[in-house]
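Residues: numbered from 1 along the sequence shown.
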Amino acid sequence: MRINKNGLDEMQKEKRNSIGNQMFILMFYALLIDSGLSGAGIRWLNYPANTMVIIMVCMGIYLVRTIASNAYLPPKAQPRKTVISLFLAITFSIVLVIASFNLFGDLSVQPAVEGANDNSALILFFVSAVGLLISLTVVIIKMVNDKRDGLDDD
């Protein structure tokens with residue numbers, strides 16, 4: 001088996017590319033359906049938020065599928081480093097949100113349309129938070145499964 005420069009073997013790279021192609025097609029069709037519905041007057045979210053939610057959902061599915069199919073980490077990767085970096089990313093995200101609320105929380109922003117109830121920022125925040133938690137959960141499950149497989153080999 002040949003290992004490429006990012007540490008993945010050929011089967012892992014092939015599986016990752018296959019999942020990536022499928023998610024690209026899913027994202028394309030989801031955006032196409034969203035634009036068709038928007039053209040027909042059906043809006044589930046305002047413009048920037050709907051596109052961002054579709055992209056983040058597709059990327060979340062991509063991440064979960066690549067981790068589940070063992071195509072995310074190279075064979076000799078240290079899963080502890082991945083969990084630590086994921087915890088650091090979550091912590092940094094929380095600190096960034098708190099800092100931005102402290103710095104910009106007292107600013108009053110007027111909606112573009114009077115009486116508009118735009119919850120786009122809240123929806124994007126929850127989608128991002130759920131994505132980080134799903135990533136952390138998948139990595140922890142993968143780490144537990146790898147330990148269990150190591151015990152079964154003995």
Side-chain angles (χ1 to χ4, degrees), residues 4-74 77 79-146:
N4 58 15
K5 63 183 173 182
N6 62 0
L8 299 176
D9 62 27
E10 290 176 4
M11 292 296 290
Q12 287 176 314
K13 187 176 177 185
E14 184 68 31
K15 187 67 175 173
R16 186 193 64 190
N17 290 343
S18 172
I19 293 170
N21 290 338
Q22 292 168 1
M23 289 304 102
F24 177 76
I25 292 170
L26 174 69
M27 184 173 54
F28 172 77
Y29 283 120
L31 289 171
L32 189 65
I33 290 169
D34 180 55
S35 67
L37 289 174
S38 179
I42 301 171
R43 290 194 172 86
W44 59 288
L45 285 175
N46 289 334
Y47 163 64
N50 62 351
T51 305
M52 289 302 295
V53 168
I54 290 172
I55 290 171
M56 284 192 280
V57 166
C58 290
M59 290 306 296
I61 294 170
Y62 169 78
L63 181 64
V64 169
R65 286 187 62 199
T66 53
I67 291 172
S69 67
N70 199 19
Y72 184 69
L73 295 173
R80 175 169 283 262
K81 289 181 182 178
T82 304
V83 172
I84 290 171
S85 64
L86 201 49
F87 273 125
L88 287 175
I90 291 171
T91 305
F92 181 71
S93 299
I94 292 170
V95 168
L96 189 61
V97 166
I98 292 170
S100 64
F101 275 126
N102 286 338
L103 292 174
F104 304 114
D106 58 343
L107 298 177
S108 62
V109 178
Q110 299 296 324
V113 178
E114 288 299 321
N117 188 11
D118 187 17
N119 295 324
S120 301
L122 187 62
I123 292 170
L124 291 177
F125 172 75
F126 281 123
V127 168
S128 300
V130 168
L132 285 172
L133 291 176
I134 288 172
S135 301
L136 180 63
T137 304
V138 169
V139 168
I140 289 172
I141 290 171
K142 190 72 175 164
M143 195 168 67
V144 168
N145 287 343
D146 288 346

If you measure from [atom1] on [X] to [atom2] on [Y], what distance do you get to the nearest 0.5 Å?
X	Y	atom1	atom2	result
Lys13	Met11	NZ	CE	13.5 Å
Asn70	Asp9	CG	CG	8.5 Å
Ile54	Leu32	CD1	CG	10.0 Å
Met59	Phe24	CE	CZ	12.0 Å
Tyr29	Ile33	OH	CD1	9.5 Å

- Query: Are any non-hydrogen side-chain atoms of Met23 and Ile61 less than 4.5 angstrom apart?
  - Reply: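 Yes, side chains in contact.
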- Item | Non-hydrogen side-chain atoms of Leu37 and Trp44 separated by less than 4.5 Å |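 No, too far: nothing below the 4.5 Å cut-off.
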- Item | Distance-minimising heavy-atom pair for Met27 and Ile55 |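 Scanning both residues, the minimum pair turns out to be SD-CG1, 3.7 Å.
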- Item | Heavy-atom pair with the smallest gap, counting every atom of Gln12 and Ala71 |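 Minimum heavy-atom contact is O-CB, 3.4 Å.
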- Message: With a 3.5 Å distance limit and no angle check, can you tell me whether Ser38 reaches the backbone of Asp34 through a side-chain donor-acceptor pair?
- Response: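 Not confirmed, Ser38 side chain does not pair with Asp34 backbone.
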